[in-house]
Each structure stands twice: as C-alpha cells, then as structure tokens.
Amino acid sequence: MKIRPLEPNDFDAISPVIDEWWGGRPVRGLLPRLFFEHFQTTSFALTDEQNLAGFLVGFRSQSFPSVGYVHFLGVRPDVRAKGYGRLLYEHFFSVASGLGCTEVRAITSPVNESSIRFHLRLGFRLLPGNGEVGGFPVSLGHGGSGQPRVLFSKQLASKP
Ligand SMILES: CC(C)(COP(=O)(O)OP(=O)(O)OC[C@H]1O[C@@H](n2cnc3c(N)ncnc32)[C@H](O)[C@@H]1OP(=O)(O)O)[C@@H](O)C(=O)NCCC(=O)NCCS
C-alpha cells in the first residue's frame with residue numbers, strides 16, 4: 001500500500017472510472033484535468049501492487065489559508081471497507097496541518113448517504129444549513145438551482 005502525489009497522467013486513468021465508482025452518477029465533469037496539474041502537493045493516489053485503489057483531490061483554500069478543502073475522494077469499489085478512504089483522509093489531514101491548516105471542509109450530495117456516514121465516522125460535523133434533505137441539514141442551491149449539498153467541517157489538532 002503506497003500513497004503518492006497525484007500526477008497529470010492519473011487523469012487519464014481516473015476520469016473514465018469516476019462515474020462508475022460514484023454508483024453511475026455523472027460526476028466526472030466535476031473533476032477536470034486542472035486538478036491533476038495544479039493541486040499535486042495536496043492530492044494523492046493510493047496504490048496496491050501498482051494498481052490504483054483510491055484517490056483524493058484536495059487543496060489549501062486560497063481565500064482562507066487555515067482551511068484545507070477536499071474536493072473529491074474515491075476508493076475502487078472492490079476494495080472498499082478496508083480503511084483506504086480513512087487512510088487517504090488522514091494523509092491529507094497531516095499534510096494540511098503541516099501547511100498550517102486548522103480545519104478541513106468538504107461537501108457531498110444528500111443522496112450520497114454513504115459519503116455522509118463515512119465523513120461522520122471520520123469526525124466531521126455537519127454544518128447548519130437552510131434546509132433539510134433525508135434528515136440531514138443542507139445548503140439549498142449550493143451546487144446550483146435544485147442542487148442542495150451537505151457541508152462538513154473537521155477541526156485539526158494543532159501540531160506541536
Ligand atoms: C465513501 C468512500 C470514499 C469510503 O471509502 P472506504 O475505503 O470504503 O472507507 P473506509 O473503509 O476507510 O471507512 C472509514 C470509516 O467510515 C465508515 N464507513 C465507510 N462507509 C460507510 C457507510 N456507507 N456507512 C457507514 N459507515 C461507513 C467505516 O465503517 C469506517 O469506520 P471506522 O474506521 O471507524 O471503522 C467510498 O465508499 C467511495 O469511494 N464511495 C464513492 C465515492 C464517494 O462517494 N466519495 C465521497 C464523496 S467525494
């Protein structure tokens with residue numbers, strides 16, 4: 001098991017499988033090549049025996065430097081529930097903390113209950129919204145008209 005920075009070439013392997021990894025939802029358009037080119041120091045690939053097992057795309061906020069933001073995180077369907085998603089997030093927490101971040105944020109769609117449960121297990125809290133979907137607070141219209149999103153935040157332990 002190895003975690004390495006994401007590389008531009010990874011786009012060609014990851015982009016075609018994203019919709020399948022997201023259960024058939026058409027989300028690949030939300031992850032253009034630019035993320036693989038310009039966010040390499042805070043984005044990672046997880047490999048097992050050279051094969052891609054998961055990836056995380058994140059960055060340090062330009063507007064709020066104390067905030068790290070995770071835009072995409074996916075684990076190959078056949079290797080889920082083995083702790084790989086947690087491993088990727090914990091690596092990001094460590095890198096973000098080293099950059100001076102004290103908080104990590106992420107969002108997800110309320111239909112993605114598995115992602116919500118996963119984030120809660122990792123210690124994220126749900127930020128208050130202006131609506132509710134499926135019992136979860138959402139920010140209505142966050143992703144555009146009729147596109148509510150669940151917003152997460154996690155405080156990072158400060159580095160000694
Ligand atoms: C969400 C996802 C990344 C989780 O990856 P994973 O490798 O299966 O998760 P892990 O095995 O590391 O699980 C970490 C913790 O979350 C919990 N968890 C994971 N999925 C869960 C679910 N559906 N329901 C409840 N808990 C869940 C695990 O039990 C584990 O808890 P523990 O460490 O306290 O025992 C993976 O399911 C995925 O790629 N889904 C599709 C893409 C997606 O929705 N990404 C997130 C939004 S960007």
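As a basis for the values below, the full set of heavy atoms in this structure was taken, side chains included, without hydrogen atoms, waters or symmetry mates. Numbering of ligands and ligand atoms starts at 1, following listing order.
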Report all protein residues having a heavy-atom distance below 4.0 Å to some atom of ligand 1; order the list by chain, then number. W21, W22, L73, G74, V75, R80, A81, K82, G83, Y84, G85, R86, T108, N112, S114, S115, R117, F118, R121
Partner of V150 under side-chain contact (heavy atoms from CB on, under 4.5 Å), picked from P110, S139, P137, S115, is P110
Counterpart residues, salt bridge (Lys or Arg N to Asp or Glu O under 4.0 Å), relative to R125 (two or more places apart): none
Once you round to the nearest 0.5 Å, how far does CG of N112 lie from CZ of F136? 10.5 Å
Which residues pass the salt bridge (Lys or Arg N to Asp or Glu O under 4.0 Å) test with R80, not counting sequence neighbours? none
Could you list the donor-acceptor pairs under 3.5 angstrom formed by side chains in residues 43-59, with sequence neighbours left out?
unit_1: S43; atom_1: OG; unit_2: F39; atom_2: O; d: 2.8
unit_1: S43; atom_1: OG; unit_2: G58; atom_2: N; d: 3.2
unit_1: S43; atom_1: OG; unit_2: G58; atom_2: O; d: 3.3

Between M1 and L87, is the side-chain contact (heavy atoms from CB on, under 4.5 Å) condition met? List the steps. CA-CA 10 Å; M1 193 56 48; L87 215 57; 4.0 Å; yes
